Amino acid sequence: VRLIRRVLSFVRSRDRDLREEIESHLAEAAEEYARRGLSPIDSMAAARRDFGGVLQARDAHRDLRRGSFVNELDKCMRDMRHALRDIRRHWRFYLLTSCVLGIGVGATATMLALMHFVLLRPPAGVVDPSRLVVVPTPDGQFTDYAALRSRLHSLDLAAYRRRAVSIGTGRTAYEGVIECVTSDYFGVLGSTAASGRLLGGADAGTRAGSAAVISPSLQSRRFAGAVDVLGQPLAMGGKTFTVVGVAQPAFTGLRLDAPDAWISLEGSPDVCTSHGSLVGGSASVTTIGRIRSAFTRQQAAAEASTFSPSSGSSTRVGPGHAYIELESVEQARVASVRGLVRVLWWLTAGAVCLLLIVCSNVAGLVHLRLLERRRDFAVQLQLGATRLRLCRELAAEQLQVVAAAAFIGLLTAWWLTRMATTYLPFSVPVALDLRAFLAITGLAAVAAIVSSIVPVCNTARLGIGAVLRQNQTTSTARSIAANALLVVQATVAFALIGVGVLMLRSVSLMWSQTGYDINNIVAISVDLQRSGYRPDAEVMRFFQDLRSRVERVPGVERTGLSSSGILGGPPDQVFIGLRSGPGGAQGYAGMAAPEAQAVSPDYFSTVGTRLLSGRSFGALDNDTSRAVTIVDAELAKQYWPRGDAVGNCAYLGHQPGCVEVVGITESRRYKWLRVTSPEVFVPLAQAGRYRFSYLHPRVVLARTSGDPERLIGRITEAVYSSDAETPAIQIGSLSTFAGDQARSTRLAAQLLGVFGFSGALMAAVGLYAILAFAARRRGREMAVRVALGAPRAAVVVALCKSTMLLVAAGCVAGTVIVFIAAHLLKWLTFGIAPLDPPTVVVSAAILLGAALAGGTVPSYRILHASPALLLKHD
Amino acid sequence: MSDKRDVLYGSLGLMVLKTLEALGPLHGYRIARRIEQISGDQLALNQGTLYPALLKLELAGWIDSAWAESESGRRVKVYSLTKAGRRQLRSEEHAWHQATGIVARFFKIREDLP
């Protein structure tokens with residue numbers, strides 16, 4: 001405090017101030033002399049005489065200020081150098097403390113950065129987002145938006161919808177996301193372009209040409225970062241657009257992830273909707289509105305309610321009438337990633353737990369270190385050192401430790417942020433919030449400094465005699481507090497490890513119980529429907545040719561054809577009604593209609609789906625033979641509960657005839673990794689009978705003998721070897737698609753794994769501190785026991801036993817917490833019982849192993865020290 | 001030759017503290033005048049030496065300063081006693097009385113002392 005005061009004084013009390021002060025002094029004095037009757041000149045002369053040398057006074061003042069500041073600075077440097085000498089002598093101890101502190105600070109700062117990124121960051125490039133709301137419309141269709149737009153006076157409306165389309169042509173084509181926006185979208189948002197222009201009213205007509213605004217990421221991906229992209233053609237969804245502008249780098253629309261491009265919804269309904277029209281049930285849009293300056297949100301909601309009597313969660317019943325509640329776009333943005341937000345809350349709780357363990361551990365370590373120096377403090381105090389002086393020395397020491405910890409924390413946070421960015425579905429990288437980082441580091445510094453000052457105050461309070469006489473004993477209350485702290489640490493560490501292991505097991509189970517081989521399959525989805533240049537009759541020939549080309553790629557074992565992808569692929573699906581008899585009900589209440597897939601005979605053997613009974617499709621199941629089908633085990637059990645599905649009749653869709661069930665496959669998680677979905681398979685050769693537009697070959701699945709990722713390049717070559725313009729929309733391995741789906745779980749698993757590992761490390765450090773402290777406290781007793789002939793191992797066991805029992809108690813308490821957490825995380829921990837024995841065993845093994853490792857150093861010292869040395873040390 | 005006495009070395013700070021305690025916040029000139037008046041104009045105070053002394057007291061945290069307006073409407077720096085300054089004054093007052101008491105005893109030495 002004194003240093004700060006002196007620095008402030010040095011900076012503030014400038015010569016100018018002193019000059020002004022002296023001038024007013026002389027003026028006051030002269031005025032008094034003048035009142036006594038002296039002339040003005042004589043008054044001033046008398047005042048100057050009384051004052052003495054003005055220059056000398058100024059010089060003395062300046063010297064004092066400078067001297068004081070330099071003196072404080074010098075003292076500070078001396079403290080720092082002294083602390084550095086001590087740190088060098090005990091560098092292992094200080095390195096451990098810095099690492100422990102750094103990991104905790106880094107983990108917490110990362111989680112705060114993630115929370116800030118997802119929850120608190122306002123949409124970039126949007127003017128006054130607080131006045132933007134999502135307007136619920138009766139059916140969520142474009143026609144509703146168009147009707148509302150002309151009626152509402154309190155809101156400027158716009159609408160948008162996102163759609164996955166193929167971007168580019170030929171081998172460089174890939175599946176991207178575009179945002180189809182109405183002409184007033186950018187005006188309502190108040191956004192500006194980084195270069196060129198944004199879309200406006202002139203782009204709304206279908207004859208206006210096809211203008212597109214691209215994102216900076218598409219600019220670098222598609223045009224290799226070229227600056228002059230305006231006017232360049234760009235194929236999207238089978239149509240060629242002209243690039244008219246590039247969006248601002250941070251602009252992501254009203255979602256957290258940015259689309260690749262923005263096009264006009266009214267100008268390109270053929271690309272924006274599946275049926276090429278804005279009228280009808282396929283043009284669902286999100287309607288947004290900016291509240292005009294003369295209106296409040298309540299007034300806007302009341303007006304919107306008049307024209308849009310919506311239902312559902314956004315409706316509230318007010319006094320006498322129902323009115324809609326306008327959700328802000330910021331709330332809607334967070335709501336769109338609700339699952340991720342829940343994961344982040346859990347991870348933040350984990351990080352805070354870790355920080356608490358870290359702070360208590362650092363306090364324990366510092367306390368342990370200072371106990372060894374208590375006698376030094378007592379002697380120094382006796383020799384005249386002030387308490388403040390000792391505290392300053394220790395604070396300087398802790399500040400250097402915290403500086404090192406901050407560096408380690410920055411590295412940890414950098415690594416964790418990078419890892420989190422990989423798993424987050426956002427194109428904008430997560431940046432570390434420096435203010436949050438500094439705040440957490442400040443907290444850690446306060447914890448470290450306070451824990452170092454307390455022993456000095458205690459020493460000063462007790463006096464030198466008491467400290468020198470004291471036989472390293474501690475009060476019972478303090479022992480109980482230390483034991484309780486250890487149990488709490490072990491509990492929290494076990495909980496962190498347990499939840500981390502649970503997550504990792506969940507990810508591994510997701511991979512292993514899918515109902516198909518996730519590791520060795522490459523899927524090639526070809527968008528022939530949208531290219532529109534091949535009649536249906538040619539589709540099968542095209543795919544047979546494509547399949548034979550892929551089969552010739554070295555490393556590809558076999559291939560199969562299907563009308564649907566696995567974990568991705570073509571977006572449009574065919575759901576079909578299923579009956580077990582001519583007059584039977586179409587499924588049971590609450591059961592979703594199964595998805596129909598047309599597959600080639602070798603499909604099942606290619607993807608590794610097992611047939612539980614019956615047979616697969618064969619070459620004889622063609623267009624002229626009897627209609628056959630294969631159902632999955634779930635459907636078979638529900639429709640034919642007596643287990644007689646195979647050989648029985650099924651009625652599919654509106655087909656009047658009976659279709660024979662020839663086989664039952666295992667149930668598969670083919671759409672989502674977490675849940676099974678009912679499936680009905682028909683042979684590709686018989687698909688024409690069902691007259692569904694998407695029941696024709698669209699996906700080639702190839703089983704590889706090795707890592708499928710290594711064959712992607714060759715397979716891509718094979719796909720384009722005959723037709724360079726083949727519009728492939730997706731070529732990738734199933735494990736990649738699965739990885740995309742399981743991002744949240746994997747993020748949670750990885751980060752909780754890191755936290756769990758760090759928690760175990762912290763527990764080991766905490767245990768080391770407590771055992772080392774116990775070894776010091778009971779050093780005399782140990783020495784006497786050893787001197788009397790007790791085996792050293794027995795002495796170590798006696799020392800460690802009670803502590804290990806406390807850790808075991810922490811394991812039991814931690815198991816209860818993991819059980820509760822597993823219940824709460826049921827939506828994330830797929831298919832694992834809350835009380836999962838492997839999780840408990842592995843977590844206990846990790847924690848007890850870490851605890852044993854922590855106890856090794858103090859035990860080793862006791863085992864290898866002579867009793868005389870122990871007594872002397874004591 | 002003036003019959004005024006120089007300020008005893010080290011006692012100016014004590015005088016300033018006591019003046020501020022007795023009279024409340026004052027600016028530099030007023031402090032100097034009060035010290036002279038309280039001494040019955042017996043002290044030859046070189047007023048310029050007051051300012052380094054004030055700075056010393058301020059750096060020690062015993063007095064505080066703030067710019068204000070004097071009775072004559074001039075902008076002046078007003079000094080006031082802090083809590084720490086009050087404590088310091090108590091302890092210095094005690095030490096002073098003790099020291100002067102000891103010296104006074106020497107002036108009372110009589111030959112008939114045992």
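Keep in mind the model is a prediction, meaning the values are calculated, not measured. Protein chains get the first letters and strands the later ones, always in sequence-line order, with residue 1 at the start of each.
Under the side-chain hydrogen bond (donor to acceptor under 3.5 Å, both in side chains) criterion, the residue pairs touching residues 44-57 of chain A are A/Tyr33-A/Asp50, with sequence neighbours excluded.
Legend: residues meeting salt bridge (charged side-chain N to carboxylate O under 4.0 Å, His left out) with A/Glu20, ordered by chain and number and at least two apart, are B/Arg75. The salt bridge (charged side-chain N to carboxylate O under 4.0 Å, His left out) search around A/Arg78 returns A/Asp74, not counting sequence neighbours.
Residue-environment remark: CZ (A/Arg35) exceeds the threshold of 12 foreign heavy atoms within 6.0 Å. Atom CZ of A/Arg88 is surrounded by 12 or fewer heavy atoms from other residues, nucleotides or ligands within 6.0 Å. Other residues, nucleotides and ligands contribute at most 12 non-hydrogen atoms within 6.0 Å of the CD1 atom of A/Ile41.
Residues of residues 25-32 of chain A placed with any heavy atom under 4.5 Å of a heavy atom in chain B are listed by number as A/His25, A/Ala27, A/Glu28, A/Ala29, A/Glu31, A/Glu32.
Rounding to the nearest 0.5 Å places CG of B/Leu59 at 6.0 Å from CG of A/Leu64.
The candidate with the highest count of non-hydrogen atom pairs below 4.5 Å against chain A, out of B/Ala53, B/Gly48, B/Gly28, is B/Gly48.
Residues A/Leu18 and B/Tyr51 share a closest heavy-atom pair of CD1-CB, 4.3 Å. Heavy atoms only, all atoms of each residue included: B/Pro52 and A/Ala57 are closest at CG-O, 4.2 Å.
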